[in-house]
Number of protein chains: 2
Amino acid sequence: MELAEGKLKFIEAWGKLGSEWGINRTMAQVHALLLVSPEALTTEEVMAELSISRGNANMTLRDLIDWGLVEKLHKTGERKEFFYAEKDTWAIARRVAEERKKRELDPVIKILAQLTEVKGDEKDPAYKTFKTSVNDINKLAKNVSKTLDTMLKAEESWFFGSIFKIFK
Amino acid sequence: MELAEGKLKFIEAWGKLGSEWGINRTMAQVHALLLVSPEALTTEEVMAELSISRGNANMTLRDLIDWGLVEKLHKTGERKEFFYAEKDTWAIARRVAEERKKRELDPVIKILAQLTEVKGDEKDPAYKTFKTSVNDINKLAKNVSKTLDTMLKAEESWFFGSIFKIFK
DNA sequence: TTAAACTTTCAAAAATAAATGAAAATTATT
DNA sequence: AATAATTTTCATTTATTTTTGAAAGTTTAA
């Protein structure tokens, strides 16, 4: 396979995975494009490579910056802005996990905590089932949260190395 | 908070979380409803509780069955079908992880494997960056996959218990 | 300060995803 | 076998998400 074809396949695959996980397809594609680009790209270049509009490119790049996955660079003598993607895969995974935890998991945990406070008749099966399900999910969510926190603090080596020693 | 209000809040929160993670909002809501229902419900009941159409209820319930989260029951003397949700939170988490891995992660890993085969000029920065990024992501994806496989085989206690001993 | 270069915004349009509901298909009952 | 109950399908409608592109805003340089 040629580089050009591989690049397209990579961008396509990354975009598909993103959209299946609730991330805008274009955002994932722009990220993929920047990931395989050795140099920082301009908005114009992103627009041309992916055939997207200026507005879309601008908003998507801004989102990627918000996610901490891309940084804006200025080249001396150049007027326009350049965009460069963090290339460290482990750092990327951490940023994404961190951001989604904060944006999505944490709010749910807050609501679950409130729901464990719901009072009712202990004899009522509807109440008992509600309470059990909410309590169990709450416990799971808190454990996931705790595990993520630990992973986020850990170094790359934790994931790529020693962790597997505890698995048979 | 009253049970009725709590139930609504739970269904709403579960639906929102689902939609943020690429799962149809209604599907997550139907799942939430069944999770807090002590008895198996009929299609009619699901339709009424969530104000959705028969077609929607039917398709959603079928999807939940495909995901292995809900089972169809038949009550003696009753003509219609009843739907009951698996209540074990750990089992639910495992089913979801397993299914998404199979449906979404595995295909991407296949593509990444192909992309590591792309040949090119080792002097070309574009090629070098492509190769490095693809290789790194491939390595991460395979590690995630391996970790998930191990978790899927493990027992609940693994997650809720001993794992935390390795964390400080 | 003016004008050109560039970036951002956002209302409207397009694309995509989800829901409806009535008809068709299936299944059970008499 | 006819009919009644129930489930499934799917063309159409509705809702949601994403993209566009032109206008407004901003920055830089002469």
Side-chain angles (χ1 to χ4, degrees), chain A residues 11-12 14-34 39-67 70-84 100 103-104, chain B residues 11-12 14-34 39-67 70-84 100 103-104:
Chain A
I11 290 168
E12 190 191 345
W14 213 233
K16 181 144 177 286
L17 186 65
S19 71
E20 286 165 340
W21 285 84
I23 284 159
N24 182 289
R25 205 182 87 252
T26 302
M27 182 168 151
Q29 287 182 337
V30 171
H31 186 222
L33 171 64
L34 292 176
E39 303 288 336
L41 302 183
T42 62
T43 303
E44 303 282 341
E45 287 169 320
V46 171
M47 288 166 62
E49 290 261 3
L50 301 177
S51 306
I52 60 174
S53 72
R54 183 174 304 284
N56 196 5
N58 180 271
M59 282 186 148
T60 298
L61 285 166
R62 189 152 52 69
D63 281 350
L64 284 167
I65 291 168
D66 288 345
W67 276 72
V70 164
E71 59 178 337
K72 206 186 264 193
L73 297 179
H74 290 279
K75 294 197 180 175
T76 46
E78 288 274 14
R79 187 85 176 263
K80 42 189 166 215
E81 296 170 333
F82 290 77
F83 300 92
Y84 184 78
R100 299 205 75 163
R103 295 186 190 195
E104 294 140 23
Chain B
I11 290 169
E12 192 191 343
W14 213 234
K16 180 143 178 286
L17 186 65
S19 72
E20 286 165 340
W21 285 84
I23 284 158
N24 184 289
R25 205 182 85 251
T26 302
M27 181 168 151
Q29 288 182 339
V30 171
H31 186 222
L33 171 64
L34 292 177
E39 302 288 334
L41 303 184
T42 62
T43 303
E44 304 281 343
E45 287 168 321
V46 171
M47 287 165 62
E49 291 260 2
L50 302 177
S51 307
I52 61 175
S53 71
R54 182 175 303 283
N56 196 5
N58 179 271
M59 281 186 149
T60 298
L61 286 165
R62 191 152 50 69
D63 282 350
L64 284 167
I65 290 168
D66 288 347
W67 276 72
V70 165
E71 60 177 336
K72 205 185 267 193
L73 296 179
H74 290 278
K75 293 197 179 175
T76 47
E78 288 275 14
R79 186 90 175 257
K80 37 190 168 215
E81 296 170 331
F82 290 77
F83 300 92
Y84 184 79
R100 299 205 75 160
R103 294 186 191 194
E104 294 141 22

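The sequence lines fix the lettering, A, B, ..., with proteins before strands; numbering per chain opens at 1. Only a predicted model underlies this, so the values are computations on that prediction, with no experimental measurement involved.
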How many angstroms lie between CG in L41(B) and CE in M47(B), if you round to the nearest 0.5 Å? 13.0 Å
Nearest whole Å is fine: how far is dT8(C) P from L64(A) CG? 13 Å
Parallel, tilted or perpendicular: which one describes the rings of W21(A) and W21(B), with boundaries at 30° and 60°? perpendicular
On a heavy-atom basis, which atom in G15(A) and which in A28(A) lie closest, and how many Å separate them? CA-CB, 3.8 Å
Atom CE of M47(A) and atom P of dT8(C): how far apart are they, to the nearest Å? 13 Å
What pairs of nitrogen or oxygen atoms, one from the protein and one from nucleotides 9-15 of chain D, lie under 3.5 Å apart?
unit_1 : atom_1 : unit_2 : atom_2 : d
dT9(D) : OP2    : R62(B) : NH2    : 3.1

With the side chain defined as heavy atoms from C-beta on, R79(A) is closest, among dT18(D), dT20(C), dA4(C), to dA4(C)
Atom NZ of K16(B) and atom P of dT17(D): how far apart are they, to the nearest Å? 12 Å
More 5' along DNA chain C: R25(B) or R25(A), using each one's nearest nucleotide? R25(A)
Provide, to the nearest angstrom, the distance between the NZ atom belonging to K75(B) and the C1' atom belonging to dT6(D). 17 Å
Given atom CD of E78(A) and atom C1' of dA5(C), what is their separation to the nearest angstrom? 12 Å
Residue from R100(B), R62(B), H31(B) passing side chain to side chain contact (heavy atoms under 4.5 Å, CB included) with W67(B): R100(B)
In whole angstrom, give the distance that lies between atom CG of N24(A) and atom P of dT20(D). 11 Å
Taking every heavy atom of E104(B) against every heavy atom of L17(A), the minimum-distance pair comes out as O-CD1, 3.9 Å
To the nearest Å, how far apart are H74(B) NE2 and dT29(C) P? 12 Å
Of G77(B) and E81(A), whose nearest nucleotide on DNA chain C comes first from the 5' end? E81(A)
Provide, to the nearest angstrom, the distance between the CG atom belonging to L50(A) and the C1' atom belonging to dT20(D). 15 Å
Does E12(B) form a salt bridge (Lys or Arg N to Asp or Glu O under 4.0 Å) with K16(B)? I'd like the steps, not just the answer. CA-CA 6 Å; E12(B) 192 191 343; K16(B) 180 143 178 286; over 6 Å; no
Shortest side-chain distance from S53(A), nucleotide among dT8(C), dT7(D), dT20(D): dT20(D)
Look up atom NE2 in H74(B) and atom CZ in F82(B), then write down how far apart they are to the nearest 0.5 Å. 10.0 Å
Phosphate OP1/OP2 of dT8(C): any K72(A) side-chain N/O under 4.0 Å: yes
